[in-house]
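Have a look at the structure below before the remarks.
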Amino acid sequence: MNHLIAPSILAADFANMQRDIEMLNQSEADWIHVDIMDGVFVPNISYGFPVLQAVKKYAEKPLDVHLMIVDPDRYLKEFQQKGADGITVHFEACTHLHRTIQGIKELGCRAGVALNPHTPVAFLDDIIEDLDLVLIMSVNPGFGGQKFINNTYKKLHDLKALSAARNPNLFIEVDGGVGGQNVKELVNAGANVLVAGNSVFSAGDQALAIKNLKNPQ
Ligand code: DX5
Ligand code: ZN
């Protein structure tokens with residue numbers, strides 16, 4: 001499969017969100033990545049339901065919701081109702097991950113699990129068949145604009161092997177510090193969904209930045 005691009009609106013201009021969503025609608029972006037942070041699981045607070053709902057009003061592409069929150073089970077239904085097409089929870093935030101994943105699927109959403117930089121891919125061994133997506137964090141979650149962690153490549157190789165053996169349709173997403181400098185290497189290592197915040201929204205021509213991520217030279 002050709003890789004997908006999921007720009008993260010954490011780096012968008014919040015005072016001009018409609019304009020930025022319309023830019024994404026016109027661009028080669030495949031999904032729109034929405035980072036939800038609760039100030040507990042991560043040391044930052046981003047935005048919640050009202051913003052998701054407002055984005056949904058204009059978005060013509062699927063919303064890929066990344067929950068950096070504790071106890072996500074409490075809110076899954078509301079995220080689906082407010083517009084999430086896919087919901088990704090953190091491995092480190094879920095005591096009963098199997099139940100959480102089934103809950104996301106019952107809502108009709110694509111079910112994903114995110115791994116912090118220190119969490120090994122091997123921890124997914126007993127749930128890999130149940131997952132639609134695995135998100136490899138290539139920075140510590142909580143902030144945009146951080147430096148890419150190189151150990152991500154090793155984790156992508158591990159996940160690619162696990163996926164090839166047991167879940168060949170898995171979306172393998174990488175999130176944090178992604179841009180023109182590493183897109184080719186990430187795709188070669190097995191990533192098939194690339195999240196990009198600052199490398200898209202700080203570009204002079206944002207649609208062109210997305211096009212370049214989609215079609216690396
Ligand atoms: C970080 C978020 C990312 C963030 C990526 O906690 O999960 O999605 O928006 O931002 P960049 O691409 O700027 O590293
Ligand atoms: Zn994210």
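Remember, it's 1-based here, ligands and their atoms both numbered in the order they're listed. From a predicted model like this one, the values you see are computed outputs, not experimental measurements.
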Practice task
May I ask you to check whether Ser199 has an N/O atom sitting below 3.5 Å from an N/O atom of ligand 1?
Solution key: no
Problem - Side-chain donor or acceptor of Asp85 paired with backbone N/O of Leu63 under 3.5 Å - result: yes
Handout entry: Distance from atom 1 (C) of ligand 1 to nearest protein heavy atom, with residue and atom
Key = Phe143 O, 3.5 Å
Exercise for the section: For Asp64 and His33, run side-chain hydrogen bond (donor to acceptor under 3.5 Å, both in side chains): C-alpha distance rounded to whole Å, both residues' side-chain angles, the deciding distance at 0.1 Å, then the answer. Expected result: CA-CA 5 Å; Asp64 176 41; His33 187 80; 2.8 Å; yes
Problem - Validation row: Leu124, Leu115 side chains within 4.5 angstrom (heavy atoms) - result: yes
Exercise for the section: Report, as yes or no, whether the 6.0 Å neighbourhood of atom CZ on Phe91 holds more than 12 heavy atoms from other residues, nucleotides or ligands. Expected result: yes
Completion exercise
Out of Asp35, Val200, Asp175, the nearest non-hydrogen contact to atom 5 (C) of ligand 1 is supplied by Asp175
Handout entry: Close side-chain approach of Val113 to Leu97, heavy-atom, < 4.5 Å
Key = yes
Handout entry: Those atoms of ligand 1 less than 4.0 Å from some heavy atom in Pro141
Key = 6 (O)
Handout entry: Any N or O of Val178 closer than 3.5 Å to N or O of ligand 1
Key = no
Handout entry: Contacting atoms of ligand 1, where contact means under 4.0 angstrom from a heavy atom of Val195
Key = 8 (O)
Handout entry: Side-chain donor/acceptor of Gln80 to backbone N/O of Ile104, under 3.5 Å
Key = no
Problem - ligand 1 to Gly177 polar contact by distance, N or O atoms, under 3.5 Å - result: yes
Exercise for the section: Among all protein heavy atoms, pick the one closest to atom 10 (O) of ligand 1 and tell me residue, atom and distance. Expected result: Gly144 CA, 3.5 Å
Practice task
Quick one: look up the protein heavy atom nearest atom 6 (O) of ligand 1 and list residue, atom name and how far away it is.
Solution key: Gly142 N, 2.8 Å
Problem - Which atom of His66 approaches the Zn ion (ligand 2) most closely (N/O/S) - result: ND1
Problem - Note, Tyr58 side chain near Arg19 side chain (heavy atom, < 4.5 Å) - result: no
Completion exercise
Atom name of the N, O or S atom of Asp35 nearest to the Zn ion (ligand 2) is OD1
Handout entry: Numbering as shown, the atoms of ligand 1 that approach Leu10 to under 4.0 Å (heavy-atom distance)
Key = 9 (O)
Handout entry: Polar side-chain atom of Lys105 near backbone of Asp132 as donor-acceptor pair, under 3.5 Å
Key = no
Problem - Side-chain donor-acceptor contact under 3.5 Å, Asp35 with Ser8 - result: yes
Problem - Geometry at the Zn ion (ligand 2) - Asp175 OD2 versus His33 NE2 angle, rounded to 10 degrees - result: 100°
Problem - Per-atom contacts, ligand 1 versus Met37 - under 4.0 Å to a heavy atom - result: 6 (O)
Practice task
Give a yes or no on whether the backbone of Gly176 and the side-chain of Ser138 come within a donor-acceptor separation of less than 3.5 Å.
Solution key: yes
Problem - Numbered atoms of ligand 1 (with element) below 4.0 Å of Asn198, judged on heavy atoms - result: 11 (P), 12 (O), 13 (O)
Handout entry: N/O separation below 3.5 Å, His66 to ligand 1
Key = yes
Exercise for the section: Would you mind running through ligand 1 and noting each atom that sits below 4.0 Å from a heavy atom of Ser8? Expected result: 8 (O), 9 (O)
Handout entry: Carboxylate-amine/guanidinium contact Asp30 Lys61, below 4.0 Å
Key = no
Completion exercise
Atoms of ligand 1 under 4.0 Å from any heavy atom of Met68, numbered from 1 in the order shown, are 6 (O), 7 (O)
Exercise for the section: Indicate yes or no for a side-chain donor-acceptor contact from Asp205 to the backbone of Leu208 under 3.5 Å, with no hydrogens or angles considered. Expected result: yes
Practice task
Indicate yes or no for a side-chain donor-acceptor contact from Lys155 to the backbone of Thr119 under 3.5 Å, with no hydrogens or angles considered.
Solution key: yes
Practice task
Please say whether Gly145 places an N or O atom under 3.5 Å from an N or O atom belonging to ligand 1.
Solution key: yes
Practice task
Please confirm whether Gly197 comes within less than 3.5 Å of ligand 1 when only nitrogen or oxygen atoms on both sides are compared.
Solution key: yes
Handout entry: Interfacing atoms of ligand 1 (cut-off 4.0 Å, heavy-atom, Gly176)
Key = 14 (O)
